[in-house]
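Quick note: residue numbers are just sequence positions, from 1. As a basis for the values below, the full set of heavy atoms in this structure was taken, side chains included, without hydrogen atoms, waters or symmetry mates.
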Amino acid sequence: MADCLDGNVLAAKSFARFGVTHMFGVVGIPVTGLANRAVQLGIRFIAFHNEQSAGYAASAYGYLTGRPGLLLTVSGPGCVHGLAGLSNAMINTWPMVMISGSPDQKDSGRGDFQELDQIEAVKPFSKFSVKAKDIKEIPDCVARVLDHAVSGRPGGCYLDLPTDVLHQMITESEAEKLLTEVEKGRVFEATKAPPSSEIAKAVSVLRKAERPLIVFGKGAAYARAEGELKKLVERTGIPFLPTPMGKGLVNDDHELAASAARSLAIGKCDVALVVGARLNWLLHFGESPKWDKDVKFILVDVSEEEIKLRKPHLGLVGDAKKVLEMINKEIKDDPFCLGKSHPWVEAISKKVKDNVSKMESQLAKDVVPFNFLTPMRIIRDAILGVGSPAPVVVSEGANTMDVGRSVLVQTEPRTRLDAGTWGTMGVGLGYCIAAAVANPEQLVVAVEGDSGFGFSAMEVETLVRYNLPVVVIVFNNGGVYGGDRRSPEEVSGPFKDDPAPTSFVPGAAYHTLIEAFGGKGYLVGTPDELKSALSESFSARKPAVINVIIDPFAGAESGRMQHKN
């Protein structure tokens with residue numbers, strides 16, 4: 001059978017042929033062979049400790065590259081753990097494909113090893129799922145999941161590969177014929193764009209606005225719309241507000257940036273052009289009292305369903321970059337610009353200056369034992385000191401992420417990854433690994449709370465194993481939100497001597513975790529120690545963990561989300 005190959009080889013060949021260059025996952029029965037074949041065919045396989053982190057990596061890789069991030073898992077429990085990543089991709093609308101092995105089809109329903117109806121299990125979290133029931137179906141199934149993941153509104157897809165199909169044989173010539181046929185039959189959808197009459201309407205609404213605002217989110221980042229966005233902002237002089245992951249599409253330090261005057265900007269604007277951001281909880285659903293009750297929304301979204309759901313004044317269905325290109329073209333023929341002395345621009349810039357100087361005077365103090373602001377300022381300055389390409393910042397935690405969002409400065413697009421639309425904790429190290437693999441020339445800096453870090457801390461071994469340029473900074477305040485925050489009345493009952501549900505071991509030596517695997521650990525508690533650790537680790541561009549000891553009573557419970565807890 002010299003000229004024959006099995007399902008593992010055919011699946012690996014299909015992925016390689018259809019443009020896949022990276023795969024994340026955890027191997028085992030029945031997919032170890034598939035991972036090995038993929039590596040042989042030039043696909044880089046990044047092996048993790050658990051499918052949850054690998055899935056988060058695959059989802060972020062999809063966002064950063066615009067190509068589906070691939071997660072490979074074993075059957076049953078492996079597939080279930082992988083759902084964390086698949087659901088994260090779905091909610092954030094990033095392209096991802098989860099591939100799971102499954103038991104022999106003939107033993108279905110009989111309680112086989114790790115048996116689960118995986119097609120049923122993935123349903124709530126996938127745009128499209130398919131099982132290859134025969135070896136000859138593999139190339140077509142692979143092409144379909146890859147194409148569905150990126151079409152329309154991106155999202156997660158699922159491919160089921162039964163053990164018997166992976167072991168079936170086929171001749172090389174037959175395999176080649178199948179691959180060629182599928183390759184020829186692939187149709188890529190054209191970039192969506194609205195009719196020019198709708199664009200003209202949008203521009204007219206913006207032109208007549210007294211207090212216009214441009215809001216953009218990670219959908220605009222995914223569409224690589226930064227060039228058109230900057231052009232629009234600078235041509236029209238309209239202030240802008242990014243969502244947390246939209247930061248950096250236009251430099252945070254731009255004179256029209258309204259982030260530091262967010263309440264004023266959204267509370268008083270009369271027209272908001274919202275590009276690649278949803279009017280969900282992050283934008284207060286676009287409703288009063290946070291927004292003016294008469295505000296007119298112009299929504300730019302790739303999904304028609306999204307626009308129908310939000311019922312804006314005007315909806316433009318299309319790719320963010322394409323739509324902005326059309327808007328810019330329309331404005332070019334009859335330009336308008338607010339100018340620095342426009343009362344709206346003046347009001348925003350005055351508020352920004354006031355708020356920034358208040359924040360800067362807080363940041364200027366060196367508080368020891370550390371609060372959140374002192375180390376965050378030192379980290380901000382160290383990151384800005386790297387220059388271009390700017391490091392990718394990965395941020396998760398309650399207080400750590402909130403403080404980081406207002407203090408850290410993004411100067412380049414797609415350089416901030418955080419808990420995202422779903423507020424997912426545990427994404428940190430997966431995102432770091434995805435960023436390091438997707439953009440090998442960029443340094444990756446994680447700024448994590450100790451609780452967020454704990455979800456995926458074992459993946460520091462993965463950083464060391466692949467020697468990735470990732471520096472993980474852990475804000476260690478001894479627990480979720482910090483130390484024991486309970487009032488004396490709350491400390492009662494038979495287990496009152498147990499640590500609080502929010503507490504961890506005080507003074508945990510997180511830096512020694514990475515040292516166990518040969519990475520570099522730092523323990524810091526003063527400004528000089530932190531500056532020295534950052535300078536050394538940023539220059540080395542090697543895996544490191546910096547354990548920053550924070551006062552356990554700095555920060556607030558639930559960060560800025562107290563009202564929900």
Side-chain angles (χ1 to χ4, degrees), residues 5-16 18 20-62 68-86 88-89 96-104 112-116 118 121-122 129 131-132 135 138 141-142 145-146 156-168 426 429-434 436-438 456-468 517:
L5 47 90
D6 68 1
N8 286 304
V9 177
L10 185 56
K13 267 183 186 287
S14 304
F15 283 116
F18 304 148
V20 169
T21 55
H22 291 87
M23 209 181 258
F24 306 90
V26 178
V27 297
I29 298 168
V31 295
T32 310
L34 172 50
N36 286 330
R37 298 302 158 273
V39 172
Q40 271 181 308
L41 289 166
I43 293 172
R44 188 174 195 199
F45 190 89
I46 307 288
F48 278 72
H49 287 273
N50 87 47
E51 294 88 355
Q52 189 174 334
S53 286
Y56 291 146
S59 69
Y61 178 91
L70 263 60
L71 167 66
L72 181 66
T73 85
V74 300
S75 43
C79 170
V80 169
H81 293 165
L83 292 178
L86 196 63
N88 193 58
M96 173 181 163
V97 173
M98 177 161 95
I99 309 126
S100 299
S102 60
D104 263 332
D112 198 8
F113 175 67
Q114 294 192 331
E115 187 184 342
L116 170 71
Q118 290 163 198
V122 303
S129 53
K131 180 192 285 242
I135 188 168
I138 290 176
C141 289
V142 167
V145 289
L146 291 174
C157 293
Y158 173 69
L159 172 60
D160 194 279
L161 295 175
T163 305
D164 49 307
V165 172
L166 291 172
H167 294 164
Q168 278 179 316
L429 280 151
Y431 281 11
C432 286
I433 292 164
V437 163
S456 60
M458 195 62 190
E459 303 302 343
V460 297
E461 186 275 337
T462 312
L463 297 181
V464 175
R465 188 169 9 115
Y466 293 100
N467 193 26
L468 301 172
F517 306 113

Under the side chain to side chain contact (heavy atoms under 4.5 Å, CB included) test, residues paired with [X] that sit two or more places apart:
X	result
A438	Y61, L64, T65
P103	S75, D112, E115
I29	F113

Check against side chain to side chain contact (heavy atoms under 4.5 Å, CB included), L468 and C432: CA-CA 9 Å; L468 301 172; C432 286; over 6 Å; no

Is there a side-chain contact between [X] and [Y] in this structure, where contact means two heavy atoms from C-beta onward sitting under 4.5 Å apart?
X	Y	value
L5	R37	no
V26	V74	no
L159	F15	yes
L71	L86	no
L83	M98	yes
I433	Y466	no
L72	F45	yes

Test of understanding: with ring pair (Phe, Tyr, Trp, His ring centres under 6.0 Å), list the residues that count as partners of H81, not counting sequence neighbours.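 Scan of H81 (ring pair (Phe, Tyr, Trp, His ring centres under 6.0 Å), adjacent residues dropped) gives none.
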
Using the ring pair (Phe, Tyr, Trp, His ring centres under 6.0 Å) criterion, which residues pair with Y56? Sequence neighbours excluded.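 Listed in chain order: nothing, the list is empty.
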
Enter the distance from L70:CG to M23:CE here, rounded to the nearest 0.5 Å.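 Separation between the atoms: 5.0 Å.
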
As an exercise, state the distance from CG of L161 to OG of S102, rounded to the nearest 0.5 Å.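 Answer rounded to 0.5 Å: 7.0 Å.
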
Does D164 offer a backbone N or O that forms a donor-acceptor pair with the side chain of D104 under 3.5 Å?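 Looks like yes, one N/O pair under 3.5 Å.
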
Check whether any side-chain N or O of E459 sits under 3.5 Å from a backbone N or O of H49 as a donor-acceptor pair, and report yes or no.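 Yes; at least one donor-acceptor contact below 3.5 Å.
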
Partners meeting salt bridge (Lys or Arg N to Asp or Glu O under 4.0 Å) with R44 (sequence neighbours left out):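 Not a single residue meets the salt bridge (Lys or Arg N to Asp or Glu O under 4.0 Å) criterion with R44.
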
Before giving the answer on side chain to side chain contact (heavy atoms under 4.5 Å, CB included), spell out for T462 and L429 the whole-Å C-alpha distance, their side-chain angles and the decisive distance to 0.1 Å. CA-CA 9 Å; T462 312; L429 280 151; over 6 Å; no

Which pair of non-hydrogen atoms, one from [X] and one from [Y], has the smallest distance, and what is that distance?
X	Y	value
F24	A58	CD1-CA, 3.8 Å
C79	V122	SG-CG1, 4.2 Å
Q52	A84	CG-CB, 3.5 Å

